[in-house]
Amino acid sequence: MDKNALLSLPNRLSATSISKVLVSSVFGRKVVYFSRIDSTNNCALALANQGAEEGTLVVANYQIWGRGRGRRKWIAPPNKGLLFSLILAPPHKLVYPQLLTVAGSIAVCKALRFLYNLKAQIKWPNDVLVNGKKICGLLTEVASQSGRTNALVMGIGLNVNQKKSEIPPHSRGEASSVYIEYGRKISRLSVLVAVLDYFESIYRILSKGRHQSVVDEWKKHSSTLGKQVHLKLLSREIIGTAMDMEDDGSLVIREDTGFIHKCLSGDIVEVQWIK
Ligand code: BT5
């Protein structure tokens, strides 16, 4: 990737402007763009169920009903955030599909480091932080019909040019944007191109079954190892120290009693990191 060429890209998004500059070969080979949509994940799930090919990229300038996990929302004003979803059809060699979210988070960290020298970190299970504040959230979902899985959809919401006043009020203390951290307006297109390129390389590694190097990279970028965490699961709560992350994407937690738990993000109702 040519950093200077990337940095000079415009902020405005359209299917043509995106297709023209992407450097990834599969990711984004088909681009669907909306100036306004309910949720790019909803659209990508529907397209995947209609047989859209792997790498189809759905991008929006604004989401009316951007979704987080469960019933949570992802809120970003028009023209400011990067909001996209990618259709993935991982081969069976990818034994741990949970690692896809990890791969996406690593790609975001690498892109922000490469373009703006920002030290981004991964907060388990699905956030990317800069200076301890959430700048990006990832949502991986299964596109299925009648019990048959057609594809996976990875949605990424990244705060790019939001000013402090444009961060959702209830998240203002805990969230940030590239603009706030870097101090200058930047191009959403640059970030998109870099994230997709990094993500495609990591996805290739995962698809060959070589997940260990991805897990190692995840640990390198983690903001959570060694920290105290309070996890609410469906049937119980756990308070302990995050000790390790495993190949299947789970977090290993040691309670003060010494008891060790292994938690997958799918089992979790709420995570509170204790500072
Ligand atoms: C996430 O969920 O962080 C995953 C968000 C994924 C959003 C993308 S946008 C493109 C694609 N299409 C979709 O519809 N979704 C995906 P979760 O960990 O549940 O976090 C959600 C919580 O983050 C909310 O309850 C708020 O507290 C907070 N939040 C909402 N908007 C935010 C923002 N712009 N920046 C930082 N935090 C935000």
Side-chain angles (χ1 to χ4, degrees), residues 13 18 28 31-48 56-88 98 100-102 104-105 107-108 112 120-143 152-181 188 191-192 195-196 199 223-224 229 231-232 249 251 264-273:
L13 300 173
I18 296 168
V31 180
V32 187
Y33 174 79
F34 296 91
S35 56
R36 204 176 132 104
I37 195 174
D38 57 345
S39 144
T40 56
N41 261 38
N42 287 356
C43 175
L45 288 168
L47 289 175
T56 300
L57 175 69
V58 181
V59 185
N61 194 43
Y62 177 62
Q63 294 182 127
I64 300 161
W65 201 251
R67 294 191 289 107
R69 289 169 302 150
R71 299 165 73 94
R72 298 188 186 96
K73 290 183 196 160
W74 186 259
I75 301 165
N79 305 315
K80 301 290 171 110
L82 187 55
L83 309 161
F84 66 94
S85 303
L86 197 59
I87 297 180
L88 302 169
Q98 299 91 320
L100 284 177
T101 310
V102 168
S105 324
V108 171
L112 295 180
Q121 287 191 299
I122 302 168
K123 181 175 165 193
W124 189 90
N126 64 325
D127 294 345
V128 175
L129 313 181
V130 172
N131 292 324
K133 297 197 168 169
K134 180 164 175 174
I135 211 163
C136 170
L138 296 95
L139 181 66
T140 308
E141 296 182 298
V142 179
L152 296 176
V153 164
M154 149 96 51
I156 299 187
L158 211 160
N159 297 335
V160 179
N161 282 322
Q162 282 99 324
K163 298 181 200 136
K164 237 183 202 149
S165 58
E166 292 167 324
I167 300 287
H170 58 282
S171 309
R172 221 162 269 166
E174 295 141 28
S176 195
S177 69
V178 181
Y179 171 71
I180 296 167
E181 300 303 326
R188 287 177 298 172
V191 185
L192 178 64
V195 170
L196 288 180
F199 188 17
S223 77
T224 43
V229 64
L231 288 183
K232 290 187 188 157
L251 189 68
L264 276 169
S265 63
D267 303 331
I268 284 162
V269 179
E270 202 182 322
V271 188
Q272 283 169 356
W273 290 96

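Ligands are counted one by one from 1 in listed order, and the atoms in each one are counted from 1 as well. Since we're looking at a predicted model, the values are computed, not measured.
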Novice: Less than 4.0 Å between a side-chain N and a carboxylate O, is that true for Glu166 and Lys80?
Specialist: yes
Novice: I'd like to know if the side chain of Asn41 pairs up with that of Ser85 as donor and acceptor (distance under 3.5 Å, no hydrogens or angles considered).
Specialist: yes
Novice: Taking it one step at a time, do Asn159 and Val178 satisfy side chain to side chain contact (heavy atoms under 4.5 Å, CB included)?
Specialist: CA-CA 6 Å; Asn159 297 335; Val178 181; over 6 Å; no
Novice: Using a strict cut-off of under 4.0 Å between a residue heavy atom and any atom of ligand 1, list the qualifying protein residues by chain and number.
Specialist: Ser39, Thr40, Asn41, Gln63, Gly66, Arg67, Gly68, Arg69, Arg72, Lys73, Trp74, Ile75, Leu83, Phe84, Ser85, Asn126, Asp127, Lys134, Gly137, Leu138, Leu139, Gly155, Ile156, Gly157, Asn159, Pro168, His170, Ser171, Ala175
Novice: A side-chain contact here means heavy atoms from C-beta on lying under 4.5 Å apart; do Ile180 and Lys163 qualify?
Specialist: no
Novice: With Arg67, which residues qualify under salt bridge (Lys or Arg N to Asp or Glu O under 4.0 Å), at least two apart?
Specialist: Glu141
Novice: Are Ser265 and Gln98 close enough, and set up right, to give a side-chain hydrogen bond (donor to acceptor under 3.5 Å, both in side chains), and what steps lead you there?
Specialist: CA-CA 8 Å; Ser265 63; Gln98 299 91 320; over 6 Å; no
